[in-house]
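Shown next, in structure tokens, is the structure this report addresses.
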Amino acid sequence: MRKLKCGILGATGAVGQRFVQLLSEHSDFELTSLYASERSAGKKYGERNWMLEGDVPEEIRDVEVVTNTLDLDADIIFSALPGGLAKTLERKFAEKGYVVCSNTRDNRMENDVPLVISEVNPEHLEMVKDKRGFIVTNPNCSAIVMCMALKPLADFEIKAVNVTTLQAISGAGYPGVASLDILGNILPYIKGEEEKMESEPLKIFGKLNNGKIEKASFKMSASCTRVPVVEGHTISIQVKLGGSPTLEEIAEAYTSFEGMPQKLNLPSAPFPPVILKKEEDRPQPKRDLGDGMPVAVGRIRKDEVLGYKLFAVGSNTIRGAAGASILNAELLDALGYL
Ligand code: NAP
């Protein structure tokens, strides 16, 4: 079977390493190029600090990291570059004809770039149909977890959403937040995060009309915090719906939900995509991340202010980043857009 060649930009960081880990075991993709900063360039990948469980995959250990080039031996490029740097660099790769699946914030809100969660708005990928080189982005890690939890409620018409996030420290990259700041503490501010949480969902739940996204109009409010959890973002969600479903109807919407990746049986698709936890003290990041791809929801209850409230939990580096991007690439491939 043909395998698509993949390169990773930002291959040595927290998300880059997740890409390496997931792609090294992938049935349809083959990892061929690793790109990072001048700090890593010229070194073997195995010489850089590996921060995930297990070891650097054997076949990647001796691959040399490159930088400052637009010539990568790859059909698809996954980007885990820092914000600020990706804007022009991803464009340059796309202009050269590469398909770029990006995690980075820089191009998410650009008019010609789809912002896609494969289970939530796969139809937005039509924007890149028949293009040769292009960028497809996935949202901010908390926005992915939140939108996966909101999607099964969309049939009841989302009117307003208020969220508080409890975000893991791996979401800040490596070395990230100083240990003395986060151990035994909560930080009630993550630069730029609330803005992303309030703007990206409106594009994701928007409608594609004549090649342009008409943004959704529901009200969105977010408060974002960093907590001393290594992996897995937790989100407290209050939601106002146009309809007035019973809690049983909402539970049914979650248990029956499946997206296009499940219908197409894509390699990274989780079954089910959203897991409904019934225990009164779940979902928890320590217990409910699964293999990193599903989102867990629970504690669904009535709310005096907005109508309904619940908790959602998901892996920030897998479902919130590398895994989401790989799932988008699998979907592009299955749709014949690669
Ligand atoms: P990180 O751990 O700081 O890694 C940054 C990566 O970018 C490293 O590989 C680094 O290479 C490389 N890099 C830095 N400057 C560069 C340059 N001038 N040229 C080329 N490469 C350069 O960050 P991260 O957490 O993996 O995040 C990567 C991106 O994903 C960010 O945009 C972030 O917002 C987004 N994101 C992160 C998460 C998460 O959970 N962490 C979730 C969703 C999205 P060196 O090692 O050589 O310096």
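Position 1 is the first residue of the sequence, and the numbers go up from there. All values below were derived from every heavy atom in this structure, side-chain atoms included, with hydrogens, water molecules and symmetry-related copies excluded.
Residue Leu183 places its CG atom among more than 12 non-hydrogen atoms of other residues, nucleotides or ligands, all under 6.0 Å distant. In the displayed structure, Arg61 atom CZ is contacted under 6.0 Å by more than 12 heavy atoms of other residues, nucleotides or ligands. Heavy-atom contacts from other residues, nucleotides or ligands closer than 6.0 Å to NZ of Lys96 number more than 12. In Tyr174, the OH atom is not crowded: 12 or fewer heavy atoms of neighbouring residues, nucleotides or ligands sit closer than 6.0 Å. Dense packing is recorded around NZ of Lys3, with more than 12 heavy atoms of other residues, nucleotides or ligands lying under 6.0 Å away. Summarising the local packing, NZ of Lys159 is surrounded by 12 or fewer heavy atoms from other residues, nucleotides or ligands at distances under 6.0 Å. The number of heavy atoms from other shown groups lying within 6.0 Å of CD (Glu59) is above 12. Shown here is Lys207, whose NZ atom has no more than 12 heavy atoms of other residues, nucleotides or ligands within 6.0 Å.
Summarising the geometry of Tyr98 relative to Ala74, their closest heavy-atom pair is CE2-O, 3.4 Å, with the distance given to 0.1 Å. Cys147 and Ile117 make their closest contact through CB-CD1, 3.5 Å (heavy atoms, listed as atom of the first residue, atom of the second, distance). Annotation for Ala149 and Val297: closest pair CB-CG1, 3.7 Å, computed over non-hydrogen atoms. Shortest non-hydrogen contact noted between Phe19 and Ile8 is CB-CD1, 3.4 Å. In terms of heavy atoms, Pro267 sits closest to Asp28 at CG-OD2, 3.6 Å. Heavy atoms only, all atoms of each residue included: Pro285 and Thr234 are closest at CD-OG1, 3.5 Å.
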Using the rule given for side-chain hydrogen bond (donor to acceptor under 3.5 Å, both in side chains), can you reason through Ser223 versus Glu194, listing the C-alpha separation, both sets of side-chain angles and the distance that settles it, and then say yes or no? CA-CA 6 Å; Ser223 303; Glu194 290 169 1; 4.7 Å; no
Start with the C-alpha gap between Val128 and Val136, add the side-chain angles, then the distance that decides, and say whether side-chain contact (heavy atoms from CB on, under 4.5 Å) holds. CA-CA 8 Å; Val128 296; Val136 169; 4.3 Å; yes
Could you go through the side-chain hydrogen bond (donor to acceptor under 3.5 Å, both in side chains) check for Glu200 and Asn140 one step at a time? CA-CA 8 Å; Glu200 292 179 12; Asn140 165 273; 5.5 Å; no
So Leu89 and Leu70, side-chain contact (heavy atoms from CB on, under 4.5 Å) or not? Walk me through it. CA-CA 9 Å; Leu89 196 50; Leu70 291 178; 4.1 Å; yes
Chi angles and distances behind the side-chain hydrogen bond (donor to acceptor under 3.5 Å, both in side chains) call for Ser118, Asn328: CA-CA 6 Å; Ser118 291; Asn328 280 349; 2.7 Å; yes
Go through it in stages, so that I can follow the logic: the residues are Arg319 and Glu119, the test is salt bridge (charged side-chain N to carboxylate O under 4.0 Å, His left out), and I'd like the CA-CA distance, side-chain angles, deciding distance and then a yes or no. CA-CA 11 Å; Arg319 169 49 83 167; Glu119 284 93 344; 2.8 Å; yes
Pair Val113-Asn111, side-chain contact (heavy atoms from CB on, under 4.5 Å): steps then yes or no: CA-CA 6 Å; Val113 174; Asn111 287 338; over 6 Å; no
Please report the C-alpha distance between Arg18 and Thr317 in whole Å, then the side-chain angles of each, then the deciding distance to 0.1 Å, and finally whether the side-chain hydrogen bond (donor to acceptor under 3.5 Å, both in side chains) criterion is met. CA-CA 7 Å; Arg18 277 294 180 206; Thr317 59; 2.8 Å; yes
Between Val161 and Ile237, does the side-chain contact (heavy atoms from CB on, under 4.5 Å) criterion hold? Intermediate values first, please. CA-CA 7 Å; Val161 182; Ile237 302 174; 4.1 Å; yes
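Side-chain atoms of Thr225 come within 3.5 Å of backbone N or O of Thr165 as a donor-acceptor pair. Judged by distance alone, with hydrogens and angles left aside, the side-chain atoms of Ser40 form no donor-acceptor pair with the main-chain N or O of Ala36 at under 3.5 Å. In this structure, Asp288 contributes its side chain and Gln284 its backbone to a donor-acceptor pair below 3.5 Å. Between the Ser325 side chain and the Ala322 main chain, no donor and acceptor come within less than 3.5 Å of each other. At least one donor-acceptor pair closer than 3.5 Å links the side chain of Arg226 to the backbone N or O of Ala168. For Glu157 (side chain) and Ala154 (main-chain N/O), no donor-acceptor pair under 3.5 Å exists by modelled atom type. The main-chain N or O of Glu110 is found under 3.5 Å from a side-chain atom of Lys203 such that the two form a donor-acceptor pair. Side chain of Asn121 to main chain of Glu123: no donor-acceptor pair is present (N/O by atom type, distance under 3.5 Å, no hydrogens or angles). Between the side chain of Gln17 and the main chain of Met51, a donor-acceptor pair closer than 3.5 Å is present. Gln262 contributes a side-chain N or O that, together with a main-chain N or O of Pro270, makes up a donor-acceptor pair within less than 3.5 Å.
By the rule that hydrophobic residues join a cluster once side-chain heavy atoms approach within less than 4.5 Å of another member, Leu241 and Met148 end up as members of one cluster. Cluster membership check: Leu310 shares its hydrophobic cluster with Met220, using side-chain heavy-atom separations under 4.5 Å among Ile, Leu, Val, Met, Phe, Trp and Tyr. Under a hydrophobic clustering in which Ile, Leu, Val, Met, Phe, Trp and Tyr are joined whenever their side-chain heavy atoms come within less than 4.5 Å, directly or via other members, Val120 and Phe257 fall into the same cluster. Linking ILVMFWY side-chain heavy atoms closer than 4.5 Å, directly or via other members, places Leu166 and Ile182 in two distinct hydrophobic clusters. There is a path of hydrophobic side-chain contacts, each under 4.5 Å, that joins Val65 to Leu52.
Using a 4.0 Å cut-off between charged nitrogen and carboxylate oxygen, Asp106 and Lys87 do not count as a salt-bridge pair. A salt bridge does not link Asp112 to Lys131: none of the charged side-chain nitrogens sits closer than 4.0 Å to a carboxylate oxygen. Between Lys92 and Glu95 there is no salt bridge, since none of the side-chain N atoms of the basic residue sits less than 4.0 Å from a carboxylate O of the acidic one. No salt bridge links Lys43 with Glu38; every basic N to acidic carboxylate O contact stays at or beyond 4.0 Å.
Using bins of under 30°, 30° to 60° and over 60° for the plane-to-plane angle, the ring pair Trp50/Tyr45 lands in the perpendicular bin.
Interatomic distance, CG of Leu306 versus NZ of Lys240, reported as 7.5 Å (0.5 Å rounding). Rounded to the nearest 0.5 Å, atoms NZ (Lys129) and CG (Leu332) are 12.5 Å apart. Between Asp181 atom CG and Leu187 atom CG the span is 6.0 Å, to the nearest 0.5 Å. Taking CZ of Arg105 as the start and CD of Glu193 as the end, the distance is 10.0 Å to the nearest 0.5 Å. One finds the CG atom of Leu31 at 9.5 Å from the CZ atom of Phe78 (value rounded to the nearest 0.5 Å). With rounding to the nearest 0.5 Å, the separation of CD1 in Ile158 from OH in Tyr308 is 12.5 Å.
Side-chain contact of Ser315 with Glu231: a donor-acceptor pair under 3.5 Å is present, judged by distance alone. Between the side chains of Thr32 and Asp73, no donor N or O sits under 3.5 Å from an acceptor N or O.
Arg282 places none of its side-chain heavy atoms less than 4.5 Å from the side chain of Phe311. Annotation: side chain of Lys212 is not in contact with side chain of Asn210 (no heavy-atom distance under 4.5 Å).
Of the options Thr104, Asn103, Asn107, Leu85, a side-chain contact (heavy atoms from CB on, under 4.5 Å) to Ser79 is made by Thr104 and by none of the others.
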